[in-house]
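Keep in mind it's a predicted model, so treat the numbers as computed, not measured. Along the sequence shown, residues are numbered consecutively beginning with 1.
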Amino acid sequence: MRIVSKIKTIFPKECIHDLASVCDTKRIPSNIKKMILAAKVLTANGIQFVIIGGATNRLDVQVGDYAIKIAVDQQGYKDNLMEYSICRELQPYVTKSYETNGYILVQQCVRLMTDDEWINYKGDILRILDSFSHDYLLGDVGYITKNRANWGIDDNGNVVILDYAYCHRATQKLFECEVCGDGILVYDQNFDFLMCNNRESCHAR
């Protein structure tokens, strides 16, 4: 069975080329200006979209039923590849990543949490983070206010992580405390930072 590319179906060839050029150019130092330019590229190519977010390195838009992450620099390019590569092993607790070429990542579209949901789903979020914490170094997904936009609710009412480019596979050595050399790094109660468990003699975090 022939697999149809979602990227090529949604984006004309010229549009893909232009978005790649926006990402790769060194002539525009501001990523915010690059995001504005990327949005203009979409409009010029007749693509109907809604901006749903703009992180440091990627512009997030909704096109039809999909969430699209468009890289605006090399870190955004790497983030797209990272999310796509790690998506399957993090299921069902992250949004599904369907396809990427680095410049464009096509993902499952879910809705952001309301204020009440952020509070009511705290237990579910902490359980997910706890299950990941033994095998992954977690970034930007801890249960603190600034990370709220990185969590959403899928069509089945399940909590999922929207931005997981900084959830990296961990090694035992990664969790060894470099300060005292004896302790193991463990997460704080909200999974925001790591601290040494050798608290009698080490206060590294």
Side-chain angles (χ1 to χ4, degrees), residues 1-11 16 19-20 23 49 52-113 117-118 121-144 147-175 185-187 190-192 194:
M1 183 177 74
R2 182 171 176 268
I3 299 175
V4 178
S5 166
K6 290 181 173 60
I7 291 176
K8 292 181 179 179
T9 300
I10 298 171
F11 300 94
I16 297 172
L19 290 175
C23 177
F49 68 95
I52 55 178
T56 307
N57 312 105
R58 297 182 290 179
L59 172 66
D60 298 344
V61 300
Q62 181 177 348
V63 178
D65 295 329
Y66 298 107
I68 309 292
K69 294 181 178 178
I70 300 170
V72 294
D73 64 12
Q74 285 305 301
Q75 186 58 54
Y77 183 94
K78 293 175 182 177
D79 288 351
N80 280 346
L81 295 177
M82 173 59 73
E83 284 194 2
Y84 181 76
S85 68
I86 206 170
C87 172
R88 285 190 178 182
E89 63 192 75
L90 297 182
Q91 289 297 315
Y93 303 117
V94 301
T95 51
K96 295 175 182 176
S97 291
Y98 300 117
E99 184 183 0
T100 190
N101 60 6
Y103 298 107
I104 299 166
L105 174 65
V106 181
Q107 287 188 323
Q108 171 190 15
C109 194
V110 302
R111 65 176 179 81
L112 294 177
M113 290 184 173
E117 286 173 334
W118 176 245
Y121 280 96
K122 178 178 180 179
D124 293 326
I125 292 170
L126 292 179
R127 279 190 289 274
I128 292 171
L129 292 172
D130 182 60
S131 69
F132 284 169
S133 66
H134 307 291
D135 300 304
Y136 299 90
L137 180 65
L138 305 173
D140 298 337
V141 293
Y143 189 79
I144 57 175
N147 294 336
R148 194 181 109 178
N150 287 343
W151 290 86
I153 306 290
D154 68 15
D155 291 340
N156 296 318
N158 300 314
V159 180
V160 289
I161 299 172
L162 311 182
D163 188 339
Y164 45 97
Y166 298 105
C167 293
H168 299 289
R169 300 181 191 94
T171 62
Q172 182 177 350
K173 187 173 180 61
L174 187 64
F175 286 107
L185 300 178
V186 296
Y187 286 97
N190 292 320
F191 298 88
D192 181 37
L194 290 161

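Distance check: Leu138 CG to Ile128 CD1 gives 11.5 Å after rounding to the nearest 0.5 Å. One finds the CG atom of Leu112 at 8.0 Å from the CZ atom of Arg148 (value rounded to the nearest 0.5 Å). Note that CD1 of Ile104 is 7.5 Å distant from CD1 of Ile68, once rounded to the nearest 0.5 Å.
Side chains of Phe132 and Ile161 form a contact here, defined as non-hydrogen atoms less than 4.5 Å apart. Side-chain contact between Asn158 and Pro92: absent, with no pair of heavy atoms (C-beta onward) separated by less than 4.5 Å. Tyr84 is not listed as a side-chain neighbour of Met82, based on a closest heavy-atom distance of 4.5 Å or more. Put simply, the side chain of Tyr136 reaches to within 4.5 Å of the side chain of Leu90, judged on heavy atoms.
Proximity of the aromatic rings of Phe191 and Tyr143 is defined here by a centroid distance below 6.0 angstrom, and this criterion is not met. Proximity of the aromatic rings of Trp151 and Tyr121 is defined here by a centroid distance below 6.0 angstrom, and this criterion is not met.
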Problem set entry | His134 and Asp130: CA distance, side-chain angles, deciding distance, side-chain contact (heavy atoms from CB on, under 4.5 Å) verdict | CA-CA 7 Å; His134 307 291; Asp130 182 60; 4.0 Å; yes
For this session: Take Lys96 and Gln107 through the test side-chain hydrogen bond (donor to acceptor under 3.5 Å, both in side chains) and record every step on the way to the result.
Result: CA-CA 6 Å; Lys96 295 175 182 176; Gln107 287 188 323; over 6 Å; no
For this session: Under the side-chain contact (heavy atoms from CB on, under 4.5 Å) rule, what do Ile153 and Val110 come out as? Steps first, then yes or no, please.
Result: CA-CA 6 Å; Ile153 306 290; Val110 302; over 6 Å; no
For this session: Let me see the working for Asn150 and Asp140 under side-chain hydrogen bond (donor to acceptor under 3.5 Å, both in side chains), right down to the final yes or no.
Result: CA-CA 8 Å; Asn150 287 343; Asp140 298 337; 5.3 Å; no
For this session: Take Ile10 and Tyr66, measure what side-chain contact (heavy atoms from CB on, under 4.5 Å) needs, and give me the verdict at the end.
Result: CA-CA 10 Å; Ile10 298 171; Tyr66 298 107; 4.0 Å; yes
For this session: Using the side-chain contact (heavy atoms from CB on, under 4.5 Å) rule, take Thr100 and Val106 through it: C-alpha gap first, then chi angles, then the decisive distance, then the call.
Result: CA-CA 6 Å; Thr100 190; Val106 181; over 6 Å; no
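With sequence neighbours left out, Ala165 forms a side chain to side chain contact (heavy atoms under 4.5 Å, CB included) with Arg58, Asp79, Glu83, Asp163.
A salt bridge between Asp124 and Arg127 is present, with a side-chain N of the basic residue lying under 4.0 Å from a carboxylate O of the acidic one. Between Arg111 and Glu117 a salt bridge is recorded (basic side-chain N to carboxylate O distance below 4.0 Å).
Within 6.0 Å of the OH atom in Tyr93, the count of heavy atoms belonging to other residues, nucleotides or ligands does not exceed 12.
Under the side chain to side chain contact (heavy atoms under 4.5 Å, CB included) rule, Leu105 has a single partner from Asn80, Ile70, Ile7, Asp60, which is Asn80.
Residues Tyr164 and Ser97 have side chains that bring a donor and an acceptor to within less than 3.5 angstrom of each other.
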